[in-house]
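Computed from a predicted model, the values in this text were never measured in an experiment. These numbers come from the heavy atoms of this one structure, side chains and all, not from hydrogens, waters or symmetry mates. In what follows, chains carry the letters A, B, and so on, assigned in the order in which the sequence lines appear, proteins first and then strands, with residues in each chain numbered from 1.
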Amino acid sequence: MKKKSLGGALVAVPHIVWSALFIIAPLLFVLYYTFTSPEGGFTFDNILGLTEYADIFRTSIEMSIIATFCCFLIGYPLAYFIARSTERQKKIFMILLMLPMWTNLLIRTYSMMAILDDGGFLNSILLALDLAPVHIVGTKGAVIFGIVYDFFPYMVLPIYTAIEKIDRRLLEAASDLGCSNAQVMTQVILPLSKSGIVSGITMVFVPSISTFYISQKLGGGTFELIGDTIERQFQSYSTYNIGAAISLVMMILILISLAIMNRFSDGEETAGRLKR
Amino acid sequence: MQKIIELHNIIKEFDGERILDNIDLDIYDKEFITILGPSGCGKTTTLRIIGGFETPDSGECLFDGKRINDIPAYRRNVNTVFQKYALFPHLNVFENIAFALRLKKVPEDEIIRRVREMLDMVALRGFEHKNVNYLSGGQQQRVAIARALISHPRVLLLDEPLGALDLKLRKDMQNELKHIQQRTGITFIYVTHDQEEALTMSDTVVVMADGKIQQVGTPIDIYNEPVNAFVADFIGESNIVDGVMIEDGRVRFSGKEFVCVDGGFGKNEAVDVVVRPEDVDFVAPEKGMLVGTVTSVTFKGVHYEFIVDIGGFKWMIQSTDFVDQDERVGISIDPDAIHIMKKSEYSGKYGDYSSFSDELDSLSDADTVEEE
Ligand SMILES: Nc1ncnc2c1ncn2[C@@H]1O[C@H](COP(=O)(O)OP(=O)(O)OP(=O)(O)O)[C@@H](O)[C@H]1O
Ligand SMILES: [Mg+2]
């Protein structure tokens, strides 16, 4: 490798300072708080005490897996559909997809509540039509809906990019060699969009496992996700040590799942075998 | 011989522009047929209609006498070697070749046996586990051929399969393809815009221009008996001059009367007269049927190539005899070297070498390569 010039090194300085200040330092703080007691002595108690939160961890993981899966189920066909439409249509779909992202999360969540609440917009319509009102806010479904609604553009975009890149001639070659339309999908499009699927899943799963606020509002106070727990430890109780310990464990969980996802996408580099 | 594919009055338009204009073509079982024509004349479109990737606006496509217009590509007994190979990047060499067999759920040991057979045929033994993305152009080409042939299609469509290869490899692959075709007895429909390739490989050549078929015939027919100025010019070099058919066997051009062997034209009908550059002999000026001045001489290895100004019309003449520039020469043409064609929309557009230079020629070649 070529030795970096002085100029090249100088260019990297802002990045290094930035990383040190805003990435490394907070991590060190998390580590410090995790392994100290409020009085400042070294301890494992914070970590060992986390069994108390096992249920919340489980719910969070479960909910984010379900939400990610829902995002994939809705997102993949949509991404495929957009990738196959005309240039003009693509632009319109992209704007429609991004539009909610330009609105603040709080506003989005509040408007979702305004629509879904027991006395909300949806139920007023149902009542006006003489139909039975539905109870949505406060259920698990509402929270999952909220997460899916918020994060599914992050599923669509990378998958769209991956499908868009697939050479159309490969699809023709596949049908030439005997693939029905469904087989073209399973034998060529799916495997060739794997990298997009992996990043889509990562980009939805990671933020949704640590999400908070959505669950507080749409969960109607009956749900607590791990993100809410952390927020409460820091904000309300000022029990930094417990909060830090939970954060650390969650980071490790995320790292493990990222590593697993990466194994999947690595498979793409080495050309493999046709799936049956 | 039996017809395997028939195209009847195929018309295809894109964005209101007529790309295929009444294509009528019979393709016989086990023949090597080449569709030849300049870039953009509709060769690929014709092939795509046979392959099932494009539906004609009107007209019929028959396979074994049965209409296949509405049969999707994956159910046609026709496979394609694509212009840019289109190998599956997520599969290795073995799996690319095995693709069609795996879809048919052929047993594993038979797959292994047949892929090996294919690898031997295209001389890629030992490449089974290579990543296709790192193969050379020639190797990718062979994988594409093996992949298309493994399911023993009745017809193989090849769209300029050698276009991206260098000259030496091109020649080798031409021989190999011809050999494979003869050995397997599969009908090859081969698209190229290289006339030499078409002449050397094919049983039948189809010359296309402007979405129309100009001529169908054996390579020898096409070369010796072109039907119009376009074909005469596109296949090899040709001097094409205006002439008048006085009667059968007598034609007048360049201000002189010549004996020829063609006939069947009206009395004093205006015609195009074709004389191939290699069919013209130099003689002393006083003995010449025509007399002209040499304006350029190019050494071509086996022969010299001369441009000779005869009464203002520039002729191309190839000869092993050397004549110097600016020298006056007489030329003589045998009766059977004079080929008479009916006038066509292409008359007067081709076969005059007044603006000719090698440099221009190679420039325009580069253009056509880039367009692909
Ligand atoms: N899908 C399409 N949409 C619009 N125009 C098309 C389409 N496919 C082909 N054409 C047009 O039809 C004409 C013929 O195209 P075609 O690909 O058949 O030419 P070709 O003879 O194969 O040329 P080349 O030697 O350059 O490959 C071209 O002018 C091309 O622009
Ligand atoms: Mg083409």
Side-chain angles (χ1 to χ4, degrees), chain A residues 76 79-80 83-89 158-201 261-276, chain B residues 44 47-48 50-54 71-106 108 111 115 127-135 143-144 146-153 155-157 159:
Chain A
Y76 196 95
Y80 177 79
R84 287 282 159 269
S85 45
T86 66
E87 291 304 315
R88 228 180 94 83
Q89 290 167 334
I159 295 177
Y160 160 77
T161 313
I163 295 179
E164 160 102 307
K165 267 199 324 218
I166 299 175
D167 189 341
R168 289 195 57 128
R169 278 170 300 206
L170 292 180
L171 312 185
E172 290 190 347
S175 44
D176 187 65
L177 293 165
C179 281
S180 62
N181 288 346
Q183 283 170 321
V184 172
M185 180 51 89
T186 58
Q187 305 295 348
V188 181
I189 301 177
L190 266 177
L192 284 178
S193 55
K194 204 162 64 183
S195 64
I197 298 173
V198 169
S199 37
I201 288 179
M261 289 311 287
N262 267 332
R263 282 193 67 97
F264 274 109
S265 58
D266 278 352
E268 200 179 13
E269 302 297 318
T270 47
R273 185 170 190 277
L274 183 70
K275 287 184 196 62
R276 294 232 227 187
Chain B
T44 299
L47 218 56
R48 289 171 61 81
I50 299 173
F53 302 111
E54 217 70 82
I71 308 251
Y74 73 95
R75 285 178 40 214
R76 296 191 185 189
N77 202 352
V78 172
N79 282 353
T80 310
V81 176
F82 290 86
Q83 205 160 359
K84 298 258 163 64
Y85 320 142
L87 299 179
F88 300 119
H90 59 300
L91 301 176
N92 63 21
V93 170
F94 185 97
E95 291 303 329
N96 260 282
I97 298 176
F99 193 87
L101 298 187
R102 289 222 188 277
L103 288 173
K104 289 186 192 147
K105 308 244 189 294
V106 172
E108 185 70 24
I111 291 184
V115 171
F127 281 70
E128 287 90 331
H129 302 294
K130 284 249 163 88
N131 183 332
V132 292
N133 306 301
Y134 302 134
L135 297 181
V143 175
R147 182 180 71 173
L149 283 176
I150 196 163
S151 49
H152 305 310
V155 176
L156 188 68
L157 310 177
D159 193 354

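Of the atoms belonging to B:Val81, not a single heavy atom falls under 4.5 Å from chain A. Neither the backbone nor the side chain of A:Asp167 comes within contact range of chain B, judged by heavy atoms closer than 4.5 Å. In this structure, chain A has a heavy atom under 4.5 Å from the backbone of B:Leu87, while its side chain stays farther away. Only the side chain of B:Arg48 has a heavy atom closer than 4.5 Å to any heavy atom of chain A. No part of B:Ser151 comes within reach of chain A, as not one of its non-hydrogen atoms sits under 4.5 angstrom from that chain. Contacts between A:Glu172 and chain B at a heavy-atom distance below 4.5 Å involve backbone atoms as well as side-chain atoms.
Residue A:Pro191 comes nearest to B:His90 through the heavy atom pair CB-CD2, 3.5 Å, listed as atom of the first residue, atom of the second, then distance. Here the shortest heavy-atom pairing between A:Leu177 and B:Asn79 reads CD2-ND2, 4.1 Å. Across all their heavy atoms, A:Leu170 and B:Pro89 have their closest contact at CD1-CD, 3.6 Å. In terms of heavy-atom proximity, A:Ala173 sits nearest to B:Ala86 at CB-O, 3.9 Å. When all heavy atoms of B:Leu103 and A:Cys179 are compared, the closest pair comes out as CD1-SG, 3.5 Å.
Expressed to the nearest 0.5 Å, how far CZ of A:Arg169 lies from CZ of B:Phe53 amounts to 12.5 Å. Annotation: the span from A:Leu192 atom CG to B:Phe88 atom CZ amounts to 8.5 Å, rounded to 0.5 Å.
Annotation: side chain of B:Tyr74 is not in contact with side chain of A:Val184 (no heavy-atom distance under 4.5 Å).
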